Amino acid sequence: MPAVTYLLIHGGGSTGRFWDRVVPLLDAPAIAVDLPGRNGTPGGYARTTVEEEVASVLAQVDAADPGDPIVIVAHSSGAMPVPGVVAGLRDAGREVERIVLNGALVPAEGGTGLDCMKPHHRDGLLWAVDAAAEQGETITMPGAPDDPEQLRSAYGGDPLSDDDLAFAADPVRCVPDGVHHYFQPIHWSQAVGVPVTYVLNERDRPVSTSMQEVMAARVSSPGRIVRYPGGHCPAITDPSWLAEVVNR
């Protein structure tokens with residue numbers, strides 16, 4: 001197998017530290033990026049667009065200057081900038097060997113992250129954004145809760161162990177986030193030709209399994225859908241399993 005560099009993109013309300021348990025288990029070097037406003041990365045999170053996320057990821061890749069083909073690994077809403085990242089890497093003459101998505105938001109061509117949400121989540125977010133706009137305010141999502149127990153069953157699957165809960169709720173990786181990027185159009189046509197493996201979480205709570213089935217079919221062939229019998233974050237709950245999928 002040729003040498004590669006893994007490019008890891010975290011999802012909403014998180015940071016590059018989301019991948020701390022996975023990185024040591026990968027069989028090649030990894031760049032775990034921080035999207036804008038996290039861990040000192042330039043930009044703010046409150047009104048960040050997908051285009052700004054793409055630019056931030058590409059800048060961090062350029063700074064790392066990997067010499068090998070790139071494998072992109074993205075979790076949840078971290079998939080939204082992936083097509084633009086693929087296009088930008090190609091424009092820079094960098095090869096993208098393949099993509100691994102996990103519980104990832106993949107709208108239809110030109111659609112938005114809103115289209116991938118459970119209907120009551122989408123409707124509630126639209127209402128909240130409209131109400132905030134009337135007051136001249138911007139909606140953001142809170143970071144680490146005062147009581148971590150709120151997260152123990154939030155991701156679906158089995159309740160988090162004490163160790164997993166402490167890991168997930170740690171403020172180095174559980175951070176405030178914005179919602180503006182969910183309103184931006186996504187064009188997976190930018191990534192055409194790159195093989196995609198979709199890791200589908202069968203007991204996911206934030207992203208419905210039925211929607212994951214639809215989203216996986218948009219970008220993966222049946223042989224490239226891998227099913228995880230747990231919740232939304234195998235990078236936390238079963239990093240060895242996820243690393244094996246990524247490595248192969």
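No hydrogens, no waters, no symmetry mates; every other heavy atom, side chains included, goes into these values. Model, not experiment: these values are computed from the prediction.
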Just how far is it from atom CG of Asp177 to atom OG1 of Thr140, taken to the nearest 0.5 Å? 9.0 Å

Report yes if the side chains of Leu89 and Val61 come closer than 4.5 Å at any heavy-atom pair, otherwise no. yes

Do Lys118 side-chain atoms and Arg205 backbone N/O form a donor-acceptor pair below 3.5 Å? yes

Less than 4.5 Å apart, side chain to side chain, heavy atoms only: is that true for Glu202 and Pro229? yes

Heavy atoms only: give me the nearest Cys174-Pro145 pair and the separation to one decimal. SG-CD, 4.3 Å

Tyr198 side-chain N/O to Ser221 backbone N/O, donor-acceptor pair under 3.5 Å: no

Looking at Asp123 and His120, would you say the former's side chain and the latter's main chain have a donor-acceptor pair under 3.5 Å? no

Output for pair (Asn201 CG, Thr209 OG1), nearest 0.5 Å, gives 7.5 Å

Arg203 side, atom CZ; Thr237 side, atom OG1 - distance, nearest 0.5 Å: 10.0 Å

Non-hydrogen atoms of Leu58 and Gly88 that approach each other most closely: CD1-CA, 3.8 Å

Can you see which heavy atom on Leu25 is nearest to which on Arg21, and at what distance? CD1-O, 3.5 Å

Intermediate values then yes/no, side-chain contact (heavy atoms from CB on, under 4.5 Å), Tyr228 and Leu200: CA-CA 6 Å; Tyr228 173 62; Leu200 192 155; over 6 Å; no

Close side-chain approach of Pro83 to Val86, heavy-atom, < 4.5 Å: no

How long is the straight-line distance from CD1 of Ile72 back to CG of Leu101, given to the nearest 0.5 Å? 9.0 Å

Would you please classify the geometry between the His232 ring and the His75 ring as parallel, tilted or perpendicular, with 30° and 60° separating the classes? tilted

Heavy-atom neighbours of Arg122 CZ exceed 12 at 6.0 Å: yes

What distance separates Met215 CE from Leu105 CG, expressed to the nearest 0.5 Å? 5.5 Å

Audit row: Val82, Ile9, side-chain contact (heavy atoms from CB on, under 4.5 Å) steps and yes/no: CA-CA 8 Å; Val82 166; Ile9 306 177; 4.1 Å; yes

Atom CG in Asp204, atom OG in Ser76: separation rounded to 0.5 Å? 7.5 Å

Does Ser56 use its side chain to pair, donor to acceptor, with the backbone of Leu35 at less than 3.5 Å? no

Honestly curious: do Met141 and Tyr182 fall in one hydrophobic cluster under the side-chain, below-4.5 Å linking rule? yes

Kindly say whether Asp68 contributes a backbone atom to a donor-acceptor pair with the side chain of Glu95 at under 3.5 angstrom? no

Hey, mind stepping through Asp27 and Tyr6 against side-chain hydrogen bond (donor to acceptor under 3.5 Å, both in side chains) and telling me if it holds? CA-CA 9 Å; Asp27 59 6; Tyr6 295 109; 2.7 Å; yes

Got Trp19 and Ile236 here, is their nearest side-chain heavy-atom distance under 4.5 Å? no

Run the numbers on His181 and Thr48 for side-chain contact (heavy atoms from CB on, under 4.5 Å), then give the verdict. CA-CA 6 Å; His181 58 176; Thr48 298; 5.7 Å; no

With a 4.5 Å limit on heavy-atom distance, are the side chains of Glu149 and Leu165 in contact? yes

Co-membership, hydrophobic cluster, residues Ile70 and Leu26, 4.5 Å side-chain: no

Distance-only, no hydrogens or angles: does the Ser220 side chain make a donor-acceptor pair with backbone N or O of Ile225 under 3.5 Å? no

Are more than 12 heavy atoms from other residues, nucleotides or ligands located less than 6.0 Å from atom CG of Asp146? no

Answer whether the closest heavy-atom distance between the side chains of Met117 and Leu125 falls below 4.5 Å. yes

Within the side chain of Glu134, is there an N or O that forms a donor-acceptor pair under 3.5 Å with the backbone of Ala131? no

Hey, does Ile99 have a side-chain heavy atom less than 4.5 Å from the side chain of Val71? no

side-chain hydrogen bond (donor to acceptor under 3.5 Å, both in side chains), that's the test. Do Glu109 and Ser189 meet it? Break it down for me. CA-CA 7 Å; Glu109 180 69 11; Ser189 57; 2.7 Å; yes

Are Val85 and Leu7 packed together at the side-chain level, in the sense that at least one heavy-atom pair is separated by less than 4.5 angstrom? yes

Donor-acceptor pair, side chain of Arg173 and main chain of Ala168, under 3.5 angstrom: no

Indicate the atoms forming the closest heavy-atom contact of Val4 with Pro29, along with that distance. O-CD, 3.7 Å

Arg38 backbone acceptor or donor facing Thr41 side chain under 3.5 Å: yes

Treating Gln212 as the side-chain partner and Val207 as the backbone partner, does any N or O pair qualify as donor plus acceptor under 3.5 Å? yes

Evaluate the side-chain contact (heavy atoms from CB on, under 4.5 Å) criterion for residues His187 and Val192: first the C-alpha distance (whole Å), next the side-chain angles of each, then the deciding distance (0.1 Å), finally the verdict. CA-CA 10 Å; His187 298 279; Val192 66; over 6 Å; no

Shortest non-hydrogen contact from Ala79 toward Trp188: O-CZ2, 3.9 Å

